[in-house]
Trainee: 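Take this structure, written in structure tokens, and hold onto it; I'll ask about it next.
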Number of protein chains: 2
Amino acid sequence: MVMEGAGKILEKLRGRGHRSTKARRLILELFISSDRPLSSADLRKMFLLKKMAVNKTTVYRELEFLAGEKIIEEIQLGKTRYFEIPKKRHHHLVCLKCRRIECLEPEKNLLKRITIKNKDFKILNYSLEIFGLCLKCK
Amino acid sequence: MVMEGAGKILEKLRGRGHRSTKARRLILELFISSDRPLSSADLRKMFLLKKMAVNKTTVYRELEFLAGEKIIEEIQLGKTRYFEIPKKRHHHLVCLKCRRIECLEPEKNLLKRITIKNKDFKILNYSLEIFGLCLKCK
DNA sequence: TATCTTAATGCAACTGAGTTGCATTTGTCA
DNA sequence: TGACAAATGCAACTCAGTTGCATTAAGATA
């Protein structure tokens, strides 16, 4: 899967009348270089580590903004809200001990089988999340 | 599926040193007569409608307690935490407009297929949730 | 490159779900 | 009927996320 760079995304946003700001660039870079979903708390921790001051309101607003622009998408894993760059529909393994999240190949025929069984419900989205113990924790 | 009555459940809890209280009986009855998962807000609304005063701390503690005793189990649907009486493993359809939840037949071979692909991860639990529009809302 | 417009930011104060400590009440059993 | 602990209610708290508003700064335009 070829990943779109931060530059390309910023250019696209520019075209829609949005600006390339420090916070926006930082957050985009973090999402692009991460192989797993990130929560607002993850982002804030990373900023703290890099000693970069980004206000929490800005983080929340930027997540909201990027999700609205379809640059990232929101997923709920247990009680925590995460975001990630949309890839092919896929699922997540969540380790209940160390909280590590791993992305998982999609289940190809899943949705089709469900659609057939539920003609009356228009499916817009679905999520398959698997909880357990990872190799290190089990 | 034969549903266990509130009496049977209370008896079981009695055996473990717990009491049959007004709040406990009320909450159990609500779960038993509901065909869909309930959130703490749902319970509190129902109490308000029936003009029955149950403190919010009591509701939260009772949910925690019943979940700990495996009488109900917790599920996360979008941003809201729900609880339901455990049935055969199943899934949920959530209408994004009216927020109505419907229970769904289990996907039989789902877990088995995933297990084979991920030998390194010990699966303890999983959830498949489907979001969209119900018959009325679409 | 100075100016202007408005997108983006930072701050403080707020909301709403859920939690905690503690004093009081109440179910159950001897 | 007491005694004991489980359960309750209340107030005060935590924590994620939101809002209003004044300030800053991208970046387009002159």
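Note on naming: letters A, B, ... go to the chains in the order of the sequence lines (proteins, then strands), and numbering restarts at 1 for each one. As a basis for the values below, the full set of heavy atoms in this structure was taken, side chains included, without hydrogen atoms, waters or symmetry mates.
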Trainee: Has A:R44 got a side-chain atom pairing as donor or acceptor with A:N55's backbone, closer than 3.5 angstrom?
Mentor: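 Side chain of A:R44 to backbone of A:N55: no pair is present.
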Trainee: Take atom CZ of A:F47 and atom P of C:dG10, then tell me their distance rounded to the nearest Å.
Mentor: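 The distance from CZ of A:F47 to P of C:dG10 comes to 10 Å, rounded to the nearest Å.
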Trainee: Residues two or more places apart in sequence or in another chain: which of them pass side chain to side chain contact (heavy atoms under 4.5 Å, CB included) with A:K79?
Mentor: B:E74, B:Q76, B:R81
Trainee: Can you measure A:L26 atom CG to D:dA26 atom P for me and round it to whole angstrom units?
Mentor: 13 Å
Trainee: Would you mind reading off the distance between A:L13 atom CG and C:dA8 atom C1', rounded to a whole angstrom?
Mentor: 13 Å
Trainee: Which whole-number value in Å describes the distance from A:L10 CG to D:dA26 P?
Mentor: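 Nearest whole value for this atom pair: 13 Å.
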Trainee: For residues 131-138 of chain B, which side-chain N or O atoms pair as donor and acceptor with protein atoms under 3.5 Å away, sequence neighbours left out?
Mentor:
from	atom 1	to	atom 2	distance (Å)
B:K138	NZ	A:K119	O	3.3
B:K138	NZ	A:D120	O	3.1

Trainee: Which part of the nucleic acid, if any, lies within contact of A:A23, taking any heavy atom under 4.0 Å across all strands shown: a base, the sugar-phosphate backbone alone, or nothing?
Mentor: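 Sugar-phosphate contact only - A:A23 comes under 4.0 Å of backbone atoms but never of a base.
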Trainee: Using atom NZ of A:K22 as one end and atom C1' of D:dT24 as the other, report the distance to the nearest whole Å.
Mentor: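 Computing the A:K22:NZ to D:dT24:C1' distance gives 12 Å.
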Trainee: How about B:H18 and B:F65: are their ring centroids closer than 6.0 Å?
Mentor: yes
Trainee: Looking at the side chain of A:T58, which of C:dA8, C:dT9, C:dT20 is the nearest nucleotide?
Mentor: C:dT9
Trainee: With side chains defined as the heavy atoms from C-beta onward, is the minimum distance between B:E29 and B:R24 less than 4.5 Å?
Mentor: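 They are not in contact (no side-chain heavy atoms under 4.5 Å apart), so the answer is no.
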Trainee: We want to know whether B:E84 and B:H90 form a side-chain donor-acceptor pair, criterion being a heavy-atom distance below 3.5 angstrom.
Mentor: yes
Trainee: What parts of residues 60-83 of chain A reach DNA chain D, counting only heavy atoms under 4.0 Å away?
Mentor: A:Y60, A:R61, A:R81
Trainee: Is there a side-chain contact between B:R19 and the phosphate of C:dT26, meaning an N or O under 4.0 Å from OP1 or OP2?
Mentor: no
Trainee: Hey, which of these two, B:R25 or A:K56, hits DNA chain C nearer its 5' end, going by closest nucleotide?
Mentor: A:K56
Trainee: On DNA chain C, compare the nucleotides closest to B:H18 and A:G17; which residue's is nearer the 5' end?
Mentor: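 Checking each residue's closest nucleotide, the 5'-ward one belongs to A:G17.
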Trainee: So, is A:S40 near the phosphate of D:dG17, with a side-chain N or O under 4.0 Å from OP1 or OP2?
Mentor: yes
Trainee: Among A:L28, A:I72, A:L66, find the one that has a side-chain contact (heavy atoms from CB on, under 4.5 Å) with A:I9.
Mentor: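 When side-chain contact (heavy atoms from CB on, under 4.5 Å) is applied between A:I9 and each of A:L28, A:I72, A:L66, only A:L28 qualifies.
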Trainee: Would you kindly compare B:S20 and B:T57 by the position of their nearest DNA chain D nucleotide and give the one closer to the 5′ end?
Mentor: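 On the 5' side of the pair lies B:S20.
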Trainee: Atom CD1 of A:I27 and atom C1' of C:dA7: how far apart are they, to the nearest Å?
Mentor: 15 Å
Trainee: Does a side-chain N or O from A:N55 land closer than 4.0 Å to OP1 or OP2 of C:dT9, or not?
Mentor: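 No, no such contact exists.
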Trainee: Kindly point out which of C:dA8, D:dA6, C:dA12 is positioned nearest to the side chain of A:T21?
Mentor: C:dA8
Trainee: What is the ring orientation for B:F31 with B:F83, classed by angle as parallel under 30°, tilted 30 to 60°, or perpendicular over 60°?
Mentor: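 Correct class here is perpendicular.
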Trainee: How close or far is atom P of D:dG9 from atom CZ of B:R44, stated in whole angstroms?
Mentor: 11 Å
Trainee: With respect to the side chain of B:V54, which nucleotide from D:dG9, C:dT9, C:dT28 is positioned closest?
Mentor: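 Selected nucleotide (nearest to the side chain): D:dG9.
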Trainee: Rounded to the nearest angstrom, tell me the gap between atom CZ in A:R24 and atom P in C:dG10.
Mentor: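 Checked: the CZ to P distance equals 12 Å.
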